[in-house]
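Below is one structure; the comments refer to it alone.
Bear in mind the structure is a predicted one, so any value in this text is a computation, not a measurement.
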Amino acid sequence: MGTYRHLMVYFCCCSIVFSIIDLCVQPNIQTYKSAYFMFVDVKKRNLDPFLARIGLNALCGSFGITISGIAVHFVYRFFALERKGRLKYFKGSYMLIWYSIPIFSGISWFLVTWNMYPMDSMYTEYIRPTILETFGVHVEDTVYVCGLFYPIDENGKKYLNYLTIYAFSIYLILMAIPFSIILIFGFKSWKIVTNLLENGESEYSRNLQMQLYKALVAQTILPVSYLFIPFGLIFTLPMFEINSQLIASLITLIFATYPALDPLPILYFVDFYRNPIIETFKKSKCKGSQVSPDVERSINLE
């Protein structure tokens with residue numbers, strides 16, 4: 001449990017950093033025709049535009065850290081389940097490599113967003129009406145990152161924006177790699193777990209492995225339903241000019257609440273974490289329900 005605890009602490013620290021950035025920036029996510037974008041009202045938030053832009057890009061980087069961190073968890077769980085000694089690769093100096101994988105993914109997301117989703121007049125004029133109509137904010141008072149598939153030229157005709165196509169393709173690759181790892185190692189882990197009873201494992205070991213596996217499955221369902229699917233739709237639907245403003249409005253809420261939801265499965269499914277929490281609540285409840293002798297005596301006298 002020691003190494004797994006370290007992974008959880010690392011993941012929670014990343015989530016805390018994400019929450020702090022989100023609290024400071026408070027972005028809005030929106031789609032409009034063939035555009036998807038995230039912006040912050042720097043005038044209302046009283047933020048420096050350059051720092052706000054760094055914050056928006058850092059939030060995109062946090063998304064990359066999150067999904068890659070989940071993939072690392074799946075690799076660890078598979079090594080632990082197969083019992084072939086490969087957990088040694090999660091000890092000592094090897095841990096630096098595992099810790100660096102989500103960081104590298106986050107940096108990749110940050111750089112792609114910074115370099116391939118620029119702020120210029122073409123994007124500004126395209127998203128101006130929807131920001132003003134939906135949020136009552138002038139685009140000049142905002143900082144944004146924007147992908148636009150079909151800009152409009154001077155003659156009023158649409159044309160394909162290859163920069164957004166390239167950025168969109170890189171995003172898909174960066175999402176596909178951890179998602180594939182999750183599916184592959186999740187399936188392999190499931191096969192091992194289903195054979196635990198036949199392998200003569202102890203009751204304690206079976207229970208522990210099942211608890212951790214259930215927690216990991218739940219921690220996968222959360223990002224898949226909260227991150228992979230919604231963000232995949234946000235990136236993809238504007239390509240077909242399908243209105244996805246409802247999803248965009250939900251993502252703004254999801255983006256803010258996900259770090260708080262992520263640790264819940266491990267706290268619920270694993271006895272090692274759940275039992276102390278339950279005991280703490282029981283002690284608090286008992287203390288709250290205790291009646292002092294003086295109060296009880298006064299009640300009896302009445």
Verify the cluster assignment for [X] and [Y]: are they in a single hydrophobic cluster under the rule of side-chain heavy atoms below 4.5 Å apart?
{"X": "Leu163", "Y": "Ile173", "value": "yes"}
{"X": "Leu111", "Y": "Phe50", "value": "yes"}
{"X": "Phe179", "Y": "Ile177", "value": "yes"}

Is there a donor-acceptor contact under 3.5 Å from the side chain of [X] to the main chain of [Y]?
{"X": "Asn155", "Y": "Lys157", "answer": "no"}
{"X": "Ser68", "Y": "Gly64", "answer": "yes"}
{"X": "Ser244", "Y": "Leu237", "answer": "no"}
{"X": "Asp22", "Y": "Cys24", "answer": "no"}
{"X": "Tyr99", "Y": "Tyr10", "answer": "no"}
{"X": "Gln26", "Y": "Leu23", "answer": "yes"}
{"X": "Thr113", "Y": "Asn57", "answer": "no"}
{"X": "Tyr117", "Y": "Val112", "answer": "no"}
{"X": "Asp141", "Y": "Asp41", "answer": "no"}

Would a 4.5 Å heavy-atom cut-off, applied to side chains only, mark [X] and [Y] as touching?
{"X": "Lys84", "Y": "Phe79", "result": "no"}
{"X": "Gln30", "Y": "Phe135", "result": "yes"}
{"X": "Trp98", "Y": "Tyr76", "result": "no"}
{"X": "Pro118", "Y": "Tyr123", "result": "yes"}
{"X": "Phe63", "Y": "Leu227", "result": "yes"}
{"X": "Arg53", "Y": "Trp114", "result": "yes"}

Quiz item: Ring centres of Trp109 and Tyr171 under 6.0 Å apart?
Solution: yes
Below 3.5 Å, can you tabulate the donor-acceptor pairs from side chains in residues 265-272 to any protein atom, sequence neighbours excluded?
residue, atom, partner, partner atom, Å
Asp271, OD1, Arg274, NH1, 3.3
Asp271, OD1, Arg274, NH2, 2.1
Asp271, OD2, Gln211, NE2, 2.8

Exercise. Quick one: which residue pairs count as a salt bridge (Lys or Arg N to Asp or Glu O under 4.0 Å) with a foot in residues 118-140, not counting sequence neighbours?
Key: Glu125-Arg128, Arg128-Glu140
Self-check item: salt bridge (Lys or Arg N to Asp or Glu O under 4.0 Å): pairs with one or both residues in residues 219-230, sequence neighbours excluded
Solution: none
Quiz prompt | Lys43: partners by salt bridge (Lys or Arg N to Asp or Glu O under 4.0 Å), with sequence neighbours left out | solution = none
Exercise. Can you tell me which residue pairs pass the side-chain hydrogen bond (donor to acceptor under 3.5 Å, both in side chains) test with a partner in residues 221-233, sequence neighbours excluded?
Key: none
Quiz item: Tell me the side-chain hydrogen bond (donor to acceptor under 3.5 Å, both in side chains) pairs involving residues 230-242, sequence neighbours left out?
Solution: Lys158-Glu241
Quiz item: Minimum heavy-atom separation for Pro238 to Thr31, with atom names?
Solution: CG-CG2, 4.3 Å
Just jot down the ring pair (Phe, Tyr, Trp, His ring centres under 6.0 Å) partners of [X], sequence neighbours excluded, or say none.
{"X": "Phe104", "result": "none"}
{"X": "Tyr89", "result": "Tyr94"}
{"X": "Tyr144", "result": "none"}
{"X": "Tyr159", "result": "none"}

Self-check item: Residue list, side-chain hydrogen bond (donor to acceptor under 3.5 Å, both in side chains) with Thr142, at least two apart or on another chain
Solution: none
Quiz item: Other hydrophobic cluster members with Leu96, side-chain heavy atoms of Ile/Leu/Val/Met/Phe/Trp/Tyr under 4.5 Å, chained?
Solution: none
